[in-house]
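Below: one structure, written as structure tokens.
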Amino acid sequence: MKKVILQRGNKGHAETLGMITVEGITHKPIFTLELPWRDNKQNVSCIPAGHYTVIPRTSPKYGKHYHVREVDGRGYILLHKGNFPRNTKGCVLLGMSSAKGCVWSSRKAMNYFKNLLNYEKFSLEVRD
């Protein structure tokens with residue numbers, strides 16, 4: 001199983017920006033956008049730093065994306081496409097670039113990420 005590391009960086013009032021790396025693979029930068037830390041509250045907070053299992057999932061709204069499992073006190077934390085904090089309720093958004101408060105080319109980033117992982121289960125380490 002591949003290991004993915006999400007390293008959080010810039011933390012703003014409305015967002016938390018970071019980057020994803022897939023261990024052992026050289027790849028283009030993949031940027032992340034999450035909500036700020038608000039005590040792990042449902043729909044308004046990013047998830048705690050830690051280790052998680054992530055599985056592929058498909059839904060009508062997001063198509064093929066990923067589901068972060070076993071987040072204490074939370075359900076349906078997803079990695080999916082979106083550009084702004086208003087596009088997430090505690091999930092992780094992916095982009096090919098970032099700017100203050102947003103990520104860009106999210107659909108492209110999601111497709112790129114799925115291809116890197118062969119759309120398979122992986123382990124996720126979230127670091128603050």
Side-chain angles (χ1 to χ4, degrees):
M1 181 167 38
K2 291 182 180 159
K3 180 177 181 181
V4 174
I5 298 167
L6 190 166
Q7 179 65 57
R8 291 177 174 150
N10 296 337
K11 297 177 183 177
H13 175 72
E15 79 287 326
T16 300
L17 295 171
M19 287 189 73
I20 278 184
T21 55
V22 180
E23 199 169 74
I25 298 176
T26 302
H27 59 83
K28 297 175 190 175
I30 302 170
F31 297 86
T32 62
L33 173 68
E34 301 174 86
L35 294 175
W37 177 251
R38 293 182 177 133
D39 298 320
N40 198 33
K41 292 180 183 170
Q42 186 85 15
N43 298 324
V44 296
S45 178
C46 61
I47 63 174
H51 297 268
Y52 303 96
T53 299
V54 182
I55 61 170
R57 181 175 186 269
T58 302
S59 75
K61 183 174 183 177
Y62 298 116
K64 290 183 176 182
H65 59 282
Y66 290 97
H67 179 190
V68 182
R69 306 295 307 262
E70 302 157 356
V71 178
D72 286 340
R74 304 278 293 277
Y76 288 99
I77 303 301
L78 309 175
L79 275 77
H80 64 80
K81 59 189 176 206
N83 299 101
F84 304 100
R86 68 177 176 264
N87 301 133
T88 180
K89 291 185 177 183
C91 297
V92 180
L93 307 179
L94 303 182
M96 295 305 290
S97 62
S98 70
K100 180 152 178 59
C102 62
V103 291
W104 298 114
S105 302
S106 186
R107 180 169 294 155
K108 183 177 178 181
M110 196 67 209
N111 289 333
Y112 179 67
F113 185 67
K114 288 184 294 190
N115 286 334
L116 282 176
L117 296 166
N118 298 317
Y119 193 55
E120 294 176 349
K121 176 179 177 179
F122 62 91
S123 67
L124 174 66
E125 180 180 349
V126 178
R127 299 176 181 170
D128 280 329

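Since we're looking at a predicted model, the values are computed, not measured.
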Inset, instruction - State whether the number of non-hydrogen atoms from other residues, nucleotides or ligands found under 6.0 Å of Lys114 atom NZ is greater than 12. - result: yes

Inset, instruction - Have a look at Val4 and tell me which of Leu124, Leu79, Ile30 forms a side chain to side chain contact (heavy atoms under 4.5 Å, CB included) with it. - result: Leu124

Inset, instruction - Determine whether more than 12 heavy atoms belonging to other residues, nucleotides or ligands lie under 6.0 Å from atom CG of Asp72. - result: no

Inset, instruction - Compare every heavy atom of Pro36 with every heavy atom of Gly12, then report the nearest pair and how far apart it is. - result: O-CB, 3.9 Å

Legend entry - Counterpart residues, side chain to side chain contact (heavy atoms under 4.5 Å, CB included), relative to Asn115 (two or more places apart): none

Legend entry - Any side-chain heavy-atom pair of Phe113 and Val22 under 4.5 Å: yes

Inset, instruction - To the nearest 0.5 Å, tell me how far Glu23 CD sits from Ile5 CD1. - result: 5.0 Å

Legend entry - Separation between CG of Leu17 and CG of Asn10, rounded to the nearest 0.5 Å: 6.0 Å

Legend entry - Qualifying residues under side chain to side chain contact (heavy atoms under 4.5 Å, CB included), relative to Asp128, sequence neighbours excluded: Arg8, Lys11, Ala49

Legend entry - 4.5 Å side-chain heavy-atom contact, Leu33 and Pro85: yes

Inset, instruction - Could you grab the distance from atom CD1 of Ile25 to atom CG of Leu117, nearest 0.5 Å is fine? - result: 6.5 Å

Inset, instruction - Report whether Met19 and Leu93 are members of the same hydrophobic cluster (ILVMFWY, side-chain heavy atoms less than 4.5 Å apart, transitive linking). - result: yes

Show me the donor-acceptor pairs, under 3.5 Å and distance only, between side chains in residues 99-110 and residues at least two apart or in other chains.
{"residue": "Ser106", "atom": "OG", "partner": "Gly82", "partner atom": "N", "Å": "2.8"}
{"residue": "Ser106", "atom": "OG", "partner": "Gly82", "partner atom": "O", "Å": "3.1"}
{"residue": "Ser106", "atom": "OG", "partner": "Leu94", "partner atom": "O", "Å": "2.6"}

Inset, instruction - Measure across Thr58 and Tyr119 and return the closest heavy-atom pair with its distance rounded to 0.1 Å. - result: OG1-OH, 3.3 Å

Legend entry - Heavy-atom closest pair, residues Lys28 and Tyr112: N-OH, 2.8 Å

Inset, instruction - Could you tell me the separation between the NZ atom of Lys89 and the CG atom of Leu78, rounded to the nearest 0.5 Å? - result: 12.0 Å

Inset, instruction - Can you sort out the partners of Arg74 under side chain to side chain contact (heavy atoms under 4.5 Å, CB included), two or more places apart, ordered by chain and number? - result: Asn40, Gln42, Ser45, Ile47, Val71, Ile77

Inset, instruction - Determine, stepwise, if the pair Thr88 / Glu34 fulfils side-chain contact (heavy atoms from CB on, under 4.5 Å). - result: CA-CA 7 Å; Thr88 180; Glu34 301 174 86; over 6 Å; no

Which donor-acceptor pairs under 3.5 Å do side chains of residues 60-70 form with protein atoms, sequence neighbours excluded?
{"residue": "His65", "atom": "ND1", "partner": "Arg57", "partner atom": "O", "Å": "3.4"}
{"residue": "His65", "atom": "ND1", "partner": "Gly63", "partner atom": "O", "Å": "2.8"}
{"residue": "His65", "atom": "NE2", "partner": "Arg57", "partner atom": "NH1", "Å": "3.0"}

Inset, instruction - Hey, could you give me each pair passing ring-ring contact (aromatic ring centres under 6.0 Å, His included) that has a residue in residues 11-52? Not counting sequence neighbours. - result: none

Inset, instruction - Could you tell me whether Lys2 and Glu120 have a side-chain N and a carboxylate O separated by less than 4.0 Å? - result: no

Inset, instruction - Check the surroundings of atom CZ in Phe84: do more than 12 heavy atoms from other residues, nucleotides or ligands lie under 6.0 Å from it? - result: yes

